Number of protein chains: 2
Amino acid sequence: MRTFEAVLAQIEQRIAADGLTVGDRLPGERQLAGQLQVGRSSVREALRVLETLGVVSSQVGRGPDAGAVLISRPAGTLADLLRLNLGLATMSAREVLDTRLMIERWSAARVTSAPPAMAEALTAMDGAASPEEFVTHDIAFHVALTDAAGNRLLSAVMRALRDALVSNAVEAVRRLGHTDDLQSDHRRIHTAIEAGDADEAVEAVTAHLARAYEHVLH
Amino acid sequence: MRTFEAVLAQIEQRIAADGLTVGDRLPGERQLAGQLQVGRSSVREALRVLETLGVVSSQVGRGPDAGAVLISRPAGTLADLLRLNLGLATMSAREVLDTRLMIERWSAARVTSAPPAMAEALTAMDGAASPEEFVTHDIAFHVALTDAAGNRLLSAVMRALRDALVSNAVEAVRRLGHTDDLQSDHRRIHTAIEAGDADEAVEAVTAHLARAYEHVLH
DNA sequence: GAAAGGTGTATGGTCTGACCATATTTGGTC
DNA sequence: GACCAAATATGGTCAGACCATACACCTTTC
């Protein structure tokens, strides 16, 4: 086992044993290296791994907030994961989009009321001047839908999908030229959720994404 | 921007520009450091990030296979992500299990034929002597179901969920004492898929996981 | 006493150079 | 041709140094 992996295991074990939680600080790199009898570079590589996994955040300087602080932000890691694996062609855009459809259908079937963020995104989309702006609010609409389902893991995945596909979406809207159909889809989804009609909400989401797929794929 | 982040961006840009794919090699750490005019430690931290994301694998020694080779193994990263975030209590076991239910329902609705791996896991479960052994084959059964749906992203997520929850599952089976009900569920799922009855397959998966949930949660 | 400013210091970030273990390549030897 | 030893390129690790940053602390000033 490489040294930094042993450090990783030690840190993880300490988090569990000491009951550390979000906001708590880890010892400094030099102190950690001394305690574990390893070089500072090995500690740094372990911390880099934890940072990549969205578990710690390093702050320079001095004071209560300096050093490696425990956080929990899996969305960024997921986004990197999707982006790089899409780049290596071991995942297709089709698979990513199908996953999104699955999550949104699941969410639409479970939300009991439309969150304010959905209505806000809806009105903001009306005034969108550019494809970029439209996609920004469109994404906010769909993320709000997922958030309303109350599953933080799915919310994180949805945000990652968003980041991985935003450029495709902007390009698709640009090719499409207009957003009237997409907008009416949005209103249909919103209305169904506000009415508490889960089946209609699922159907509306499915129809909306099917329409969008035609323009995103290829 | 930190130096290693710039290195990261450069490497990613190079992968895209040169059309590198799985199996291709990156330059050595020293050579990369020289090309980018940075220290070797910065290159190493960047490579550590890529390794964490399941995109490169480093081999020591000399020869065609030595050095940083491009791979694509997102499952390990996802497993680490879930395990650490479960440890920090920003995700609950309930949310993870609901995600699994969603994926398995989605998969059950789409598979057209049961893969051989499902039948194998089914017969292996009959002879399982310990909870550990039973869970091993149970997992193989469910992973095979997801694999049959043909979405590599979902397969990777399913494998990550498996790794994150295997200890919970073993404990649940131990408490339960017997696996008769779970086994009959498995046969029902398998039969439904072989018969091509998607609705029945989804219903069987839902009932099976609902039963399992009672013993895993709390 | 309070405000302002300067100094000290602990932190992460980076670089350099060295050494080790490993695994292949190379070249010599029988 | 087969075998063995040396050279070499690779990642892995360590030690030490220096930098930029941001807070802590003390001094000065009013």
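Convention: sequence-line order gives letters A, B, ...; per-chain numbering from 1. A quick note: this is a predicted structure, and the numbers were derived from the prediction, not measured.
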Between CZ of A/Arg25 and P of D/dC23 the distance, given in whole Å, is 12 Å

Less than 4.0 angstrom from a charged side-chain N to a carboxylate O is my criterion; do A/Arg94 and A/Asp98 meet it?
yes

*asked:* One thing to verify: whether B/Arg174 and B/Glu132 come together as a salt bridge, which I'm taking to mean a side-chain N less than 4.0 angstrom from a carboxylate O.
replied: yes

Output for pair (A/Arg159 CZ, A/Leu78 CG), nearest 0.5 Å, gives 12.0 Å

Numerically ordered, the residues 55-71 of chain B set in heavy-atom contact under 4.0 Å with DNA chain D is B/Ser58, B/Gln59, B/Val60, B/Gly61, B/Arg62, B/Gly67, B/Ala68

Does any N or O in the side chain of B/Thr146 come within less than 3.5 Å of the main-chain N or O of B/His142, such that one atom is a donor and the other an acceptor? yes

The correct set of residues in residues 37-45 of chain B placing a heavy atom under 4.0 Å from DNA chain D is B/Arg40, B/Arg44

A/Arg30 CZ to D/dG16 C1', in whole Å, measures 11 Å

Taken to the nearest whole Å, CD/A/Glu5 to P/D/dG11 is 16 Å

Ring pair (Phe, Tyr, Trp, His ring centres under 6.0 Å) filter on A/His137, not counting sequence neighbours, yields none

When rounded to whole Å, the CG to P distance for the pair B/Leu32 and D/dG12 reads 14 Å

Looking at B/Arg152 and A/Thr90, would you say the former's side chain and the latter's main chain have a donor-acceptor pair under 3.5 Å?
yes

Atom CZ of A/Arg2 and atom P of D/dT10 are separated, to the nearest Å, by 18 Å

From CZ of A/Arg48 across to P of C/dG12 the rounded distance in Å is 11 Å

Rounded to whole Å, the CG-P distance (A/Leu36 to D/dA15) equals 13 Å

task: Verify, without hydrogens or angle tests, whether A/Arg25 (side chain) and A/Ala66 (backbone) share a donor-acceptor contact under 3.5 angstrom.
output: yes

Strictly below 4.0 Å, N to O, side chains only: are A/Arg83 and A/Asp163 in salt-bridge contact?
no

